There are 4 protein chains.
Amino acid sequence: MSPRTEKQFEEIREERRSQIMEVALELFAQQGFSNVTIAKIAKKAEISKGLMYNYFESKEQLITEIMIMGLNEFNEIFDPNKDGELTHDELHYFIDESFRILQSRVKFWRLYFLIMFQPEVYTLIEKKIYEVLGMYLKLTMALFERKGLKDPESEVRFFGAMMDGIALNYVLDPEHFPFEIIKKRMHDLYQ
Amino acid sequence: MSPRTEKQFEEIREERRSQIMEVALELFAQQGFSNVTIAKIAKKAEISKGLMYNYFESKEQLITEIMIMGLNEFNEIFDPNKDGELTHDELHYFIDESFRILQSRVKFWRLYFLIMFQPEVYTLIEKKIYEVLGMYLKLTMALFERKGLKDPESEVRFFGAMMDGIALNYVLDPEHFPFEIIKKRMHDLYQ
Amino acid sequence: MSPRTEKQFEEIREERRSQIMEVALELFAQQGFSNVTIAKIAKKAEISKGLMYNYFESKEQLITEIMIMGLNEFNEIFDPNKDGELTHDELHYFIDESFRILQSRVKFWRLYFLIMFQPEVYTLIEKKIYEVLGMYLKLTMALFERKGLKDPESEVRFFGAMMDGIALNYVLDPEHFPFEIIKKRMHDLYQ
Amino acid sequence: MSPRTEKQFEEIREERRSQIMEVALELFAQQGFSNVTIAKIAKKAEISKGLMYNYFESKEQLITEIMIMGLNEFNEIFDPNKDGELTHDELHYFIDESFRILQSRVKFWRLYFLIMFQPEVYTLIEKKIYEVLGMYLKLTMALFERKGLKDPESEVRFFGAMMDGIALNYVLDPEHFPFEIIKKRMHDLYQ
DNA sequence: AATGAATGAGAATTCATTCAT
DNA sequence: GATGAATGAATTCTCATTCAT
């Protein structure tokens with residue numbers, strides 16, 4: 001029989017990678033990073049332990065990839081036309097979409113926040129995070145300046161702090177968090 | 001020489017416990033809970049591994065005590081007369097004191113936050129945190145109700161989220177955080 | 001196009017086998033037998049892992065073949081007419097040719113020696129080596145007896161030991177080894 | 001009860017280290033470096049696997065220590081008064097003692113040679129070996145010069161090559177090697 | 001109270017080999 | 001012939017905790 005084509009191999013690989021990441025994500029969310037062993041992931045994904053290493057160099061690399069995937073989701077909604085300028089409407093779009101993203105996969109984002117603060121993991125994506133946050137701050141400050149706010153730098157810090165705090169509180173206790181109301185509060189603050 | 005009194009022994013014991021906790025806090029924050037071995041802590045605290053277990057039943061109990069110690073500092077400034085009612089002045093006192101506490105030992109609180117979000121650790125103190133936060137929410141909501149705010153529950157969640165976000169952003173980058181301005185912002189919001 | 005003849009296939013096959021053996025030799029020598037994986041060999045030989053097993057039954061068989069190939073080169077120059085008797089001239093021919101063989105591919109022989117002394121490898125070809133060496137000893141001893149040497153058995157051992165030591169020292173540091181002088185020394189000892 | 005004194009701990013450690021090295025040596029000799037697992041060593045030494053790592057950082061470090069121990073044995077008999085000059089008598093003392101050392105623990109030296117040529121191991125002690133050999137060559141050449149030999153450099157290379165070859169042949173097949181006779185041969189060559 | 005040797009269960013990782021395609 | 005995904009047993013190494021002294 002003829003061997004599989006390169007494309008077929010590629011498809012198998014992509015398929016398996018997603019499958020592993022999905023399973024790993026769920027386990028990490030339920031049990032915490034260091035309580036999840038490769039063996040557990042492999043078992044749940046119904047593959048052998050060895051195969052894990054065909055797709056991810058290590059447990060750390062696996063979590064790193066998951067983390068970066070998450071960062072990218074926010075990148076897509078900030079300054080969505082990527083013209084390097086944040087408009088008033090884009091700010092409100094960002095607020096809306098941020099809330100939507102969080103809400104769509106609370107469990108994921110809960111894990112995401114929890115993991116992000118683990119030194120081992122944080123170190124791995126620190127650089128990427130600084131890059132992204134720096135860009136957010138810069139563009140948002142430019143907007144606040146154009147809006148004529150008195151102290152745009154402090155204002156942007158305050159905005160960032162609030163968004164962080166809200167995200168954190170929401171994902172840690174989504175049942176009781178008055179999501180819609182607080183979203184409106186945020187919109188109102190920057191009308 | 002007269003033998004040490006029981007009280008002196010007790011003091012030495014307490015001294016050692018604090019010393020161990022301090023060392024452990026720093027290591028946990030730098031390297032992550034599960035990457036810090038008992039051996040590392042013992043070495044840095046200049047005692048033997050075995051002796052560690054004379055002071056703390058287990059690694060888990062050690063981290064739990066550290067985390068609870070931190071929680072207690074905030075407990076002391078919330079409703080300081082412990083009469084089960086939060087007044088307007090007590091709210092502003094809490095805001096002030098919270099900021100003061102953070103500022104007084106930024107390094108400690110940065111470590112504290114970094115540790116708290118490690119899933120293994122968070123799990124251990126989750127219950128205690130819910131208890132404490134629940135109490136904060138309840139008393140603050142009662143105040144907001146008395147003040148006649150429209151949606152006191154949401155308002156209190158928003159307040160909590162902001163305080164968290166601010167604390168987080170401050171300790172992670174104290175140099176650039178517009179501390180005083182944002183403190184004033186918070187006071188103003190609840191005049 | 002006419003299909004390839006069986007002979008052509010055979011040639012291609014042999015070609016590939018040599019190529020794999022060459023690559024494997026270098027890797028084994030550089031990194032040690034057990035640190036070289038089939039995957040590494042396959043990658044360097046630019047074929048797939050699976051195909052390796054089409055040419056060699058196992059990793060062990062691969063190394064065994066390489067080692068035997070080397071042994072055979074010396075077999076060809078010892079008692080070249082294969083009449084089971086070593087003459088005076090044939091001894092000197094062997095000395096000359098041994099030196100020539102070593103010199104012609106110093107790099108190969110350095111690798112060869114390095115590999116041969118790896119216990120895992122040595123074990124595999126131990127038997128074969130005994131066979132070959134036994135034959136060398138026997139024929140050389142017969143010559144020394146005919147020459148009337150006093151203690152031919154010891155003499156032949158001494159001869160073998162010197163040849164080994166020289167080969168080893170030469171291939172490990174060919175730049176500084178006084179090749180010609182020592183070759184002459186050997187000839188002179190057995191005039 | 002009072003804890004063990006530092007000296008007691010030191011004794012336990014030394015005792016155990018020797019015990020492990022001895023057992024490891026024997027196993028390595030019988031089965032070859034990479035066929036001996038930590039588990040095997042631990043079992044034979046009647047300790048737990050974990051304890052191995054209390055005494056040796058890794059399997060590699062264990063073998064390295066054994067190797068260096070061996071090198072040191074030869075260092076002690078070469079230029080024994082360590083005055084930086086090799087006399088005629090010291091050369092013959094070295095020949096005698098080298099043979100005695102090899103003979104005293106053939107099994108050890110067999111292993112020693114076999115292991116020394118493993119790239120992983122060789123790398124670890126390469127530097128040390130160069131140092132030692134360089135010193136041997138230098139002092140021996142000085143002696144040959146004083147003796148008035150024509151080409152002392154080649155002569156010393158020849159001497160080294162013979163010693164190597166003899167050692168190798170002897171340890172690989174001690175039963176059949178005409179030890180005494182060849183020792184005498186060596187002495188005679190340098191009268 | 002104090003020490004650090006000792007345990008043992010379990011973790012991540014490796015790799016020769018097989019096999020469906 | 002040819003590919004590389006898949007397996008699983010084996011291996012090294014880690015570490016919280018116990019314990020004799």
Side-chain angles (χ1 to χ4, degrees), chain A residues 1-6 8-13 15-16 34-42 46-60 62, chain B residues 4 9 12-13 16 34-43 47-62, chain C residues 4 9 12-13 16 34-43 47-62, chain D residues 1-6 8-13 15-16 34-42 46-60 62:
Chain A
M1 253 171 271
S2 58
R4 288 192 188 86
T5 64
E6 204 162 312
Q8 280 173 312
F9 279 128
E10 196 51 47
E11 274 165 18
I12 292 177
R13 282 192 78 78
E15 174 77 21
R16 276 276 194 256
S34 39
N35 301 316
V36 175
T37 66
I38 293 289
K40 280 183 191 169
I41 298 172
E46 293 181 307
I47 58 169
S48 67
K49 265 185 299 176
L51 193 55
M52 279 284 318
Y53 290 87
N54 211 320
Y55 292 102
F56 298 92
E57 271 178 20
S58 67
K59 207 179 147 188
E60 277 198 358
L62 172 57
Chain B
R4 277 177 221 161
F9 275 124
I12 293 176
R13 218 185 138 73
R16 273 255 230 249
S34 31
N35 299 317
V36 175
T37 66
I38 291 288
K40 280 183 192 167
I41 299 172
K43 189 172 180 186
I47 59 170
S48 71
K49 264 186 298 177
L51 195 52
M52 284 284 314
Y53 287 84
N54 218 314
Y55 290 103
F56 298 91
E57 267 177 23
S58 67
K59 201 181 157 189
E60 289 197 350
Q61 202 221 333
L62 169 57
Chain C
R4 279 182 216 153
F9 274 124
I12 294 176
R13 217 183 139 73
R16 272 255 229 248
S34 29
N35 299 318
V36 175
T37 66
I38 291 288
K40 280 183 193 168
I41 298 171
K43 191 172 178 186
I47 60 169
S48 71
K49 262 186 299 177
L51 196 51
M52 283 284 312
Y53 287 85
N54 217 312
Y55 291 102
F56 298 92
E57 267 179 23
S58 67
K59 201 181 158 189
E60 287 196 352
Q61 202 222 333
L62 170 57
Chain D
M1 253 171 271
S2 58
R4 287 193 189 86
T5 64
E6 203 161 312
Q8 280 173 312
F9 279 126
E10 197 50 45
E11 275 165 17
I12 292 176
R13 282 193 79 79
E15 173 77 23
R16 276 278 195 255
S34 40
N35 301 316
V36 176
T37 66
I38 292 289
K40 281 183 191 168
I41 298 172
E46 293 183 306
I47 58 170
S48 66
K49 265 185 298 177
L51 193 55
M52 279 285 317
Y53 290 88
N54 210 319
Y55 292 101
F56 299 92
E57 271 178 21
S58 66
K59 205 179 148 188
E60 277 198 358
L62 172 57

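Values in this document were obtained by computation on a predicted structure and should not be read as measured data. Each chain gets a letter, A, B and so on, in the order its sequence line appears, and its residues count up from 1.
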Specify the residue among E57(D) and I47(C) whose closest nucleotide of DNA chain F lies further upstream toward the 5′ end. I47(C)

In whole angstroms, how far is the C1' atom of dA5(E) from the CZ atom of F56(D)? 15 Å

When rounded to whole Å, the CZ to C1' distance for the pair F9(A) and dG4(F) reads 5 Å

Considering only nitrogen or oxygen atoms on both sides, find all protein atoms under 3.5 Å from nucleotides 8-11 of chain E and state each distance.
from	atom 1	to	atom 2	distance (Å)
dG10(E)	O6	K49(D)	NZ	3.1

Interatomic distance, Q61(C) CD vs dT17(E) P [rounded to whole Å]: 11 Å

Minimum heavy-atom distance K40(A)-N35(A), with the two atoms named: NZ-O, 2.8 Å

Compare every heavy atom of K59(D) with every heavy atom of V36(D), then report the nearest pair and how far apart it is. O-NZ, 2.8 Å

Whole-Å distance between dT17(E) P and M52(C) CE? 10 Å

For E15(A) and dA6(F), give me the distance from atom CD to atom C1', rounded to whole Å. 15 Å

To the nearest Å, give me how far apart CD1 (I41(B)) and C1' (dC15(F)) are. 12 Å

Strictly below 4.0 Å: does R13(D) bring a side-chain N or O up to OP1 or OP2 of dG4(E)? no

With a 4.0 Å limit, can you tell me whether R16(A) has a side-chain N or O closer than that to the phosphate oxygens OP1/OP2 of dG4(F)? no

Using a 3.5 Å cut-off and no angle test, enumerate the donor-acceptor pairs between side-chain atoms of residues 49-57 of chain D and protein atoms at least two apart in sequence or in another chain.
none

Would you say a side-chain N or O of R4(A) is under 4.0 Å from OP1 or OP2 of dA20(E)? no

Judged by nearest nucleotide, the residue sitting upstream toward the 5' end of DNA chain E, Y53(A) or E60(C), is Y53(A)

Is the number of heavy atoms from other residues, nucleotides or ligands within 6.0 Å of CD (Q8(A)) greater than 12? yes

A quick test of your reading: do over 12 heavy atoms of other residues, nucleotides or ligands sit less than 6.0 Å from CD of E60(B)? no

For residues S34(B) and S34(A), report the shortest heavy-atom separation together with the two atoms involved. OG-OG, 3.1 Å

In whole Å, what is the span from the CD1 atom of I12(D) to the P atom of dC19(F)? 17 Å

Distance check: side-chain N/O of N54(A) vs OP1/OP2 of dA6(F), anything under 4.0 Å? no

Starting at atom CD of E10(D), determine the distance to atom P of dT21(F), rounded to an integer number of angstrom. 19 Å

Looking only at side-chain N and O atoms, does Y55(A) come under 4.0 Å of OP1 or OP2 in dA6(F)? yes

Runs of at least three Watson-Crick or G-U pairs with DNA chain F, cut-off 3.5 Å: E:2-21 with F:2-21

